[in-house]
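Here the structure is a predicted model, which means the values were calculated and not measured. Order of the sequence lines sets the chain letters (A, B, ...), proteins ahead of strands, with each chain counted from 1.
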Amino acid sequence: MSERQKARIATVWLDGCSGCHMSFLDLDEKLLDVLAQADLVYSPLVDYKEFPENVDVTLVEGAVSSLEDLEKIKLIRARTKILVSLGDCAVMANVPSMRNPFGARAVLERAYLENVTLHPQIPQQVIPPLLKRVRPVHQVVKVDVFVPGCPPSAATIGYVVNELLAGRIPDITDKTRFGA
Amino acid sequence: MKAPLQVTVLQIDGREISAHADQTILQVALENNIWIPTLCHLEGLSDIGACRLCLVEIQGIAKLQPACATRVREGMQVVTRSARLDKYRQSIIELLFAERNHICSVCVVNGHCDLQYLARKLGIEHVHFPYMYPNLPVDASHERFALDQNRCILCTRCVRVCSEVEGAHTWDIKGSGIQSRVITDFDQPWGEAESCTSCGKCVNVCPTGALFQKGKSVAEMAKQRGFLPYLTMMREEETK
């Protein structure tokens with residue numbers, strides 16, 4: 001296979017703990033097989049600053065929590081053929097959604113006012129504004145493949161990526177579950 | 001003298017099966033290794049047909065019927081698996097996930113939960129409905145146990161085991177629809193509920209992490225249910 005025919009894959013990290021990316025890295029030497037078939041064109045693991053055009057597969061870790069997440073995921077959706085919700089935060093909003101019952105304001109107050117002794121203030125710059133409610137990815141943009149798990153095992157992620165690279169939509173129902 | 005048991009012949013998924021006339025479709029299916037998903041049903045407790053997961057198709061009846069609360073009849077033709085039933089069952093499970101805050105990854109019964117198990121078994125990998133994210137309390141006033149309303153699916157197994165087996169009837173339901181809540185002793189904190197014997201049966205029959213033992217962390221709480229059919233059987237022996 002020539003370089004030009006390589007698939008273009010990306011990974012993105014929204015509101016999550018990076019555990020899904022750690023699990024992806026746990027593919028260890030099998031990552032070399034993935035990279036033989038595909039170029040990693042955007043990821044927290046590489047240094048590209050802007051999400052590129054014409055991406056074949058994007059693995060999304062994390063829920064949509066902030067205005068930045070929201071803008072990112074819309075751009076990513078527009079530039080990706082197959083969007084994969086990777087892990088429980090992307091699939092069901094998981095732990096980040098635990099603020100939803102009491103709201104974003106309470107979280108900011110606890111973090112920046114109640115527990116701070118020196119100049120307590122809620123930041124107005126640098127930190128992206130939080131959305132009123134944390135959402136799973138599919139409630140914001142269309143998602144093509146769902147891979148629950150917290151995190152999905154390396155074996156599950158490897159299976160999903162290899163199936164997608166082979167042009168098939170993976171069936172993960174016997175491989176992982178919510179909270180796995 | 002007891003009347004002799006009548007034998008009935010019916011078809012389940014095309015299989016000819018004989019059964020006692022007083023059995024439910026669910027009982028007969030289980031005896032014949034035909035799996036029907038259930039949540040509110042638990043062997044040893046009365047059946048109430050509340051969760052609707054065990055709905056089956058019966059030829060000649062337009063409406064779906066709950067297998068746990070429908071008795072077999074001669075010549076009945078039952079279908080337990082179909083695209084229509086799968087769709088209903090998946091929707092029920094998804095609605096349960098959407099109605100409260102089920103965060104499996106940090107739940108005390110992660111890996112031992114009936115709701116989580118059924119989601120996987122029914123091929124659910126995401127919830128189509130928007131989540132409600134209700135603001136719900138945790139009652140940790142009892143010395144040994146706690147109630148997390150975030151995880152309750154209102155199956156009423158706790159209500160039934162407490163009333164029917166323990167004989168205390170500490171548990172009940174208040175409100176209606178999605179405002180329904182399990183309560184102890186006229187909505188008093190569990191720790192102040194005088195009728196509670198602290199036997200722990202409710203905790204063990206609870207299908208999710210709604211009722212759990214204090215001191216258990218994520219995924220540490222496995223429910224022990226073996227006592228229930230045994231207790232029921234022994235009591236039936238005694239009353240014979």
Side-chain angles (χ1 to χ4, degrees), chain A residues 16-17 19-20 23 60-65 83-104 106 131-152 156 160 169-180, chain B residues 37 86 89-90 93-138 148-153 178-179 181 207-209 212 216-222:
Chain A
C17 70
C20 295
S23 199
V60 185
E61 169 182 350
V64 181
S65 289
L83 193 69
V84 182
S85 268
L86 181 68
D88 280 352
C89 292
V91 171
M92 58 186 287
N94 201 21
V95 171
S97 76
M98 287 169 73
R99 76 161 155 89
N100 288 348
F102 47 85
L131 298 173
K132 202 174 160 212
R133 275 183 168 186
V134 181
R135 301 268 178 213
V137 174
H138 68 273
Q139 287 183 4
V140 179
V141 295
K142 182 177 172 284
V143 170
D144 304 298
V145 178
F146 295 87
V147 187
C150 188
T156 301
V160 166
I169 294 295
D171 176 9
I172 52 83
T173 45
D174 63 339
K175 296 199 163 45
T176 186
R177 56 163 167 78
F178 300 139
Chain B
D86 282 351
R89 289 167 181 167
Q90 285 166 347
I93 296 290
E94 288 184 32
L95 284 166
L96 289 173
F97 272 102
E99 192 172 305
R100 301 215 180 176
N101 304 304
H102 295 277
I103 316 287
C104 301
S105 63
V106 292
C107 183
V108 70
V109 297
N110 188 9
H112 313 286
C113 170
D114 290 4
L115 182 64
Q116 188 184 36
Y117 167 81
L118 283 168
R120 181 176 187 168
K121 184 105 179 170
L122 296 172
I124 296 165
E125 20 77 315
H126 76 289
V127 171
H128 295 78
F129 305 102
Y131 288 85
M132 307 276 299
Y133 303 119
N135 196 353
L136 296 169
V138 176
D148 185 351
Q149 295 279 6
N150 292 285
R151 311 279 197 253
C152 176
I153 57 167
I178 60 167
Q179 299 303 328
R181 303 282 183 266
T208 69
F212 61 94
K216 298 282 187 186
S217 184
V218 173
E220 284 183 357
M221 178 86 219

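What you find for Ser105(B) and Cys150(A) is that their closest heavy atoms are CB-SG, 3.3 Å.
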Worked check of side-chain contact (heavy atoms from CB on, under 4.5 Å) between Met98(A) and Val106(B): CA-CA 11 Å; Met98(A) 287 169 73; Val106(B) 292; 4.1 Å; yes

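Partners of Lys132(A) under the salt bridge (charged side-chain N to carboxylate O under 4.0 Å, His left out) rule, at least two apart in sequence or in another chain, do not exist in this structure.
Using a distance-only test at 3.5 Å, with no hydrogens or angles considered, a donor-acceptor pair links the side chain of Gln116(B) to the main chain of Phe178(A). At least one donor-acceptor pair closer than 3.5 Å links the side chain of His138(A) to the backbone N or O of Val127(B).
Identified by a heavy-atom distance below 4.5 Å to chain B, the contributing residues of residues 89-97 of chain A are Val91(A), Met92(A), Ala93(A), Asn94(A), Val95(A), Ser97(A), in residue-number order.
When side chains are defined from C-beta on, Arg177(A) counts as touching Asn110(B), because their heavy atoms get closer than 4.5 Å.
Put simply, OG1 on Thr173(A) and NZ on Lys121(B) are 11.5 Å apart, with the number rounded to the nearest 0.5 Å. For the atom pair Tyr133(B) OH and Arg99(A) CZ, the distance stands at 10.0 Å (nearest 0.5 Å). Atom CD1 of Ile172(A) is separated from atom CZ of Arg120(B) by 8.5 Å, given to the nearest 0.5 angstrom.
Residue contact with chain B, scored on non-hydrogen atoms closer than 4.5 Å, involves the backbone of Val134(A) exclusively. Heavy-atom distances place both the backbone and the side chain of Tyr131(B) under 4.5 Å from chain A. Contact of Ser85(A) with chain B is not made at all, since no heavy-atom distance falls under 4.5 Å. If you measure heavy-atom distances from Leu136(B) to chain A, you find no contacts under 4.5 Å at all.
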